[in-house]
Amino acid sequence: EEGGGTTMIKVLHLADGYIETVFDAANPGDDISTVTHGLDWGREGTQDHLAFTVVREKRVGKRTKPVLSIYTLPLQKDAAGHYLAAGQPEFQVDGRRPSWSSDGTQFVMDGVTVFNVGTGEETRLARGDMAEWRR
C-alpha cells in the first residue's frame with residue numbers, strides 16, 4: 001500500500017496453512033528499512049523469484065535519503081514443498097511496483113518502464129502508474 005509497508009515478506013501455503021518468512025528487513029547489515037507495495041512472483045529462467053519494492057537509504061552527495069528500489073529474491077522448495085529463500089535479496093534498479101514478464105527475463109515498473117534483469121537495460125515506454133505484465 002502506498003506509504004505503508006512492513007519489514008517482512010511471508011509466504012502462505014494454502015494447502016496446509018504453513019507460513020514461512022522468506023525475507024526480514026530487520027536483519028543487521030541490510031540497508032533496507034521497509035518492504036512496500038509492489039510484490040510480484042515470477043520465474044527467472046527455472047528459478048522462482050519474488051520481485052518487490054523496498055525503501056532503502058541511498059547516499060546522495062553528503063546526505064542519505066530514502067529511495068524506492070526493486071529487489072529480487074530467489075526461492076526454493078524444501079522437502080515438504082514449502083518455499084524458502086534461496087539466497088540474499090539482490091538490488092536490481094531504483095523503481096517501484098515490478099511485474100514480471102512471462103519468460104522471467106524482464107519486468108515492467110514505475111508506470112511503463114521495462115527492466116531487463118540480465119542486461120540491466122531500462123526502456124521507458126510511456127508515463128503512467130501501476131502497469132502490469134499480462135501473462
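What you see is a predicted model, and the numbers here were worked out from it, not measured in a lab.
Considering only residues two or more places apart in sequence or on other chains, Ala15 meets the side chain to side chain contact (heavy atoms under 4.5 Å, CB included) condition with none of them. For Pro74, the side chain to side chain contact (heavy atoms under 4.5 Å, CB included) partners are Gln47, His49, Ala86, not counting sequence neighbours.
Sorted by first and then second residue, the salt bridge (Lys or Arg N to Asp or Glu O under 4.0 Å) pairs involving residues 80-95 (not counting sequence neighbours) are Arg56-Asp94, Lys58-Asp94. Residue pairs meeting the salt bridge (Lys or Arg N to Asp or Glu O under 4.0 Å) criterion with at least one member in residues 62-85: none, sequence neighbours excluded. Within the structure, side chain to side chain donor-acceptor pair (under 3.5 Å) contacts touching residues 11-22 (residues at least two apart or in different chains) are Asp16-His82, Tyr18-Glu20.
In terms of hydrophobic clustering, with Ile, Leu, Val, Met, Phe, Trp and Tyr side chains grouped at heavy-atom distances under 4.5 Å, Leu39 and Val22 are assigned to a common cluster. In this structure, Val67 is not a member of the same hydrophobic cluster as Ile70, with clusters built from ILVMFWY side-chain heavy atoms closer than 4.5 Å. Tyr83 and Met8 fall into different hydrophobic clusters, where Ile, Leu, Val, Met, Phe, Trp and Tyr are joined by side-chain heavy atoms under 4.5 Å apart, directly or via other members. Neither Leu84 nor Ile9 shares a network with the other; the hydrophobic side chains, linked directly or stepwise wherever heavy atoms of I, L, V, M, F, W or Y lie under 4.5 Å apart, form separate groups for each.
We find the OG1-CZ distance between Thr53 and Arg96 to be 8.0 Å, quoted to the nearest 0.5 Å. For the atom pair CD (Gln76) and CG (Asp48), the distance works out to 10.5 Å, reported to the nearest 0.5 Å. Rounding to the nearest 0.5 angstrom, the gap separating the CZ atom in Phe23 from the CD atom in Gln88 is 8.5 Å. In this structure, Thr105 OG1 and Asn116 CG are separated by 5.5 Å, a value rounded to the nearest 0.5 Å.
Side-chain contact between Phe107 and Ser101 is absent, with no heavy atoms from C-beta onward closer than 4.5 Å. Between Val114 and Glu122 the shortest side-chain heavy-atom distance does not fall below 4.5 Å.
If you check the side chains of Thr72 and Gln92, you find a donor sitting under 3.5 Å from an acceptor.
Other cluster members for Leu14: Leu12, Ile19, joined by side-chain heavy-atom distances under 4.5 Å among Ile, Leu, Val, Met, Phe, Trp and Tyr.
Taking the six-membered ring where the residue is Trp, Phe52 and Tyr71 present parallel rings, their angle staying beneath 30° rather than reaching 60°.
Asp40 and Ser99 make their closest contact through OD2-CA, 3.2 Å (heavy atoms, listed as atom of the first residue, atom of the second, distance). Counting all heavy atoms, side chain and backbone alike, Val55 lies closest to Pro66 at CG1-CB, 3.8 Å. Scanning both residues, Trp100 and Trp41, for their nearest heavy atoms gives CD1-C, 3.6 Å.
Here the side chain of Thr113 pairs no donor or acceptor atom with the backbone of Thr123 at under 3.5 angstrom.
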